[in-house]
Amino acid sequence: MKKLSEFKLGNLKKINTESISKYMCLISVTLVVLIFFVINPKFLSLYSIQNMLLEMAPLLLLAGGITFVLFTGGIDLSAGAVASCTCVLTGLYIDNIGGWIVPLMIVLGVVIGLINGFLITAFKLPSFIVTLCATSIWKCIALISSGGGSKIIPLDKRYLVNWASAPLLGIPVMLWMTLAIIGLLYFIQRNTTVSKSILAVGANARAARMAGTNTVKAQITAMTICSVCSALAGVLYAFKMKSSVPNIGDPLGLMAIAAVALGGTSLAGGKGSVLNTIAGVATIIAVTSGMNIINVHALWKDIVIGVILIIAVFINSDKTGKDVIIK
Amino acid sequence: MKKNEIEYMKNHSVGAQFKYKIASDVKKEKIRIYAPLILLVCITIVASVTIDNFFSPKNIVNLFYQMSIPLVLATGVTFVLLIGSIDLSLEGVMGFSGALVALLVANTMNSVHLGWLGIVLTVILGTGAGVITGYLHVKLRIASFIISYAMGSIITGIGVLTYKGTPANVTWSVFDAIASESVFGVPLLTWISLSIFGLGCLILNYTAFGKAVYAIGNNEAAARSTGINVNKTKIMVFALCAFTASCAGILACVRLKIGQVSIGVNQLFPVITSVVLGGASLAGGKGGMLQTFIGVLMFTELNNILIIVGVDPNYRQLIQGIIIIVAVTLTITRSRKTITQ
């Protein structure tokens, strides 16, 4: 009997620390919002909130996809470049093809993800290097097809893209779509076997393979989910900016990874949740738009972002296992 | 297992079988280490045969001049990759050092002229940034990817703040001299970069610190239990990486005679790719200075070939990406048991 109660107590403790670290990311986003609100109450005005929600949609999509790659313990640096590429292609061809551009871009995303996943699993290359090379390839394609500059979607075709930024029940349609996709990703994470094997690969790749998990399928699926999400994020950027911008994704890849890490997903793999990523992205967006609202000088922005990132990641980081090795 | 191998196993004792196994593993390991070198030699031979003037002394000197700054950066990156971490703050530290050194020696913006002391001060401050990165990584237990990304953002911001948006031009005559001087027909910049690389070789191969770096990369828990001060070693590794980045920033400033943070942009990922091309593993524990040298040389050579052949600059990045994937596939460290992530 004594043993059983001890066991129960141990279990209870584990659940407690786990649930605390789960809510830590919510605490940090509230903290950030509160600080900006105290400095300038306009931060929570209707206009500003709507602007932030619109800003949030594509980055959330990007980060949601990257979450799955981080689950496997890999990394996808090419997300930003894929987003620039699809942003350019959407902007250029939407007046010829119309709305059919969106499924085409999804197909492109699937193809990119399959190529990445194939290279990683078949030749046993590190995902870091494969996606790094993919970055230079897709960035280059974006630059070549756009001719180096941004191009505005013609005014008579604007009806094809305007609906995405229009508010529905106070929230932009774009964000509704993104939330639906995040919901789908959460469903995949909770209820499918493939997501279990993705997490297993991240936790311990050798053990997962010995247990009979199809690690190849898991890794390819994760890369594909990520590329599809990045491709869609690029489409949303084109809808939001109403033009094709070839270098839009350059800073986004690393920023999205930082947002996922802010949500408490471990870069070593095997841990985290898509829902936490929402809080991470909200923190990043709140910081960047908050700094515009309280008029931080442009020269100071980098420094403030860096400091907030360190503090927020430290708050969210899992402090349960002191013996866990952090690379 | 091959047929003759099975035959051998049947006829010998367990001890002999074990010896045979070890010998064949060592042989495989040797092939793995020399794969990048073989690829480099192949590329060089093909290029010298097909391209006129590729193997001319002038182009070789030019090649070494082009690789001077990447080589300095790669020296530090090798240490960081060896312990299995990554340092994204390198671009920031490089840009910061380039901007700061321009302000501390004779320049067009202010009247400060500290001379050589300015260079020393810049290196110390740059290294300090690395110490902070390493300290935060170890003490706050944040993944090096994130902490160095954040530190890179901070240090870039500080770099921009030092010159407030309008970069300074260097007017100190010593910088002119270093940039234009050559010794034995080889530019002084190349000699400086080679000597920093040599220093890295000495530290990695002939000090206890170097052995500790390898030990941590191979198995951190084991290294910790043998009494290696893992935290201290890691902080030193990040400091060393920042030191080389700082030196690279100063060299870039010597070359361009203008101090701005953008000299660090797009330096990091090519360097990491070159180090991996040489056979280092991103998981740590594998790689070395010689491999790094081969990797950097191969990367620079491929770039040089693309330029000489006259590939459209718009397509250069695309072709470069494809070539690098192929090259890494041919040279990378892998064993049957590994699952890459």
Side-chain angles (χ1 to χ4, degrees), chain A residues 72-75 77 119-121 123-130 132-141 143-144 148 201-202 205-206 208-209 215 219 254 257-258 261-262 266-269 298-310 313-314 317-319 322-327, chain B residues 83-86 88 92 136-138 140-147 149-161 164-165 220-221 224 230 269-270 272-273 276-277 281-284 312 314-325 328-329 332 334-341:
Chain A
T72 68
I75 204 160
L77 299 170
L119 288 172
I120 290 167
T121 50
F123 299 115
K124 291 185 176 176
L125 302 176
S127 55
F128 191 96
I129 293 296
V130 171
L132 189 58
C133 293
T135 306
S136 65
I137 292 172
W138 296 111
K139 205 196 268 177
C140 194
I141 289 179
L143 277 174
I144 292 167
V201 168
R206 275 188 77 184
R209 197 170 61 171
T215 54
Q219 278 176 301
L254 287 177
I257 294 172
L262 268 180
S266 143
L267 283 172
L299 295 179
W300 283 91
K301 263 181 198 165
D302 281 337
I303 301 178
V304 177
I305 288 183
V307 171
I308 291 180
L309 198 61
I310 292 178
V313 171
F314 174 62
S317 64
D318 193 14
K319 293 172 202 72
K322 276 284 176 198
D323 51 339
V324 178
I325 290 166
I326 307 235
K327 288 274 179 177
Chain B
I83 62 166
S85 299
I86 202 150
L88 302 183
L136 292 178
H137 166 55
V138 168
L140 300 187
R141 301 174 53 74
I142 301 174
S144 58
F145 191 95
I146 292 294
I147 192 76
Y149 173 64
M151 273 305 287
S153 177
I154 294 174
I155 200 93
T156 309
I158 295 175
V160 177
L161 270 185
K164 299 199 176 59
E220 192 176 321
R224 201 182 289 272
V230 173
F269 287 124
I272 291 179
T273 316
V276 173
L277 208 53
S281 151
L282 286 170
D312 185 341
N314 289 322
Y315 290 88
R316 198 180 296 150
Q317 250 198 336
L318 191 138
I319 295 168
Q320 200 181 334
I322 296 169
I323 291 178
I324 296 299
I325 287 191
V328 172
T329 310
I332 194 146
R334 59 166 94 77
S335 70
R336 210 151 35 82
K337 281 174 192 155
T338 49
I339 297 180
T340 50
Q341 287 173 334

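All chains are named by letter (A, B, ...) in the order of the sequence lines, taking the proteins before the strands, and each is independently numbered beginning at 1.
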The interface call for B:Leu88 against chain A, heavy-atom contacts under 4.5 Å, is side chain
Side chain, backbone, both or neither: which part of B:Phe269 has an atom under 4.5 Å from a heavy atom of chain A? both
Just so I understand: if I count every heavy-atom pair under 4.5 Å between each of B:Ile324, B:Thr156, B:Ile146 and chain A, which residue has the most? B:Ile146
Among the options B:Leu277, B:Leu282, B:Ile319, pick out the one with the most heavy-atom pairs lying under 4.5 Å from chain A. B:Leu282
Can you tell me which portion of [X] sits under 4.5 Å from chain B's heavy atoms? Options are side chain, backbone, both or neither.
| X | answer |
| --- | --- |
| A:Leu299 | both |
| A:Leu267 | side chain |
| A:Ile308 | neither |
| A:Leu254 | both |
| A:Leu262 | neither |

Measure the [atom1]-[atom2] distance between [X] and [Y] for me, rounded to the nearest 0.5 Å.
| X | Y | atom1 | atom2 | value |
| --- | --- | --- | --- | --- |
| A:Ile75 | B:Ile86 | CD1 | CD1 | 7.5 Å |
| A:Ser136 | B:Ile325 | OG | CD1 | 8.0 Å |
| B:Ile158 | A:Trp300 | CD1 | CH2 | 8.0 Å |
| A:Ile141 | B:Leu318 | CD1 | CG | 5.0 Å |
| A:Leu309 | B:Tyr149 | CG | OH | 7.0 Å |

4.5 Å side-chain heavy-atom contact, A:Phe128 and B:Val276: no
Name the option with the most non-hydrogen atom pairs under 4.5 Å to chain B; the candidates are A:Ile310, A:Ile129, A:Asp302. A:Asp302
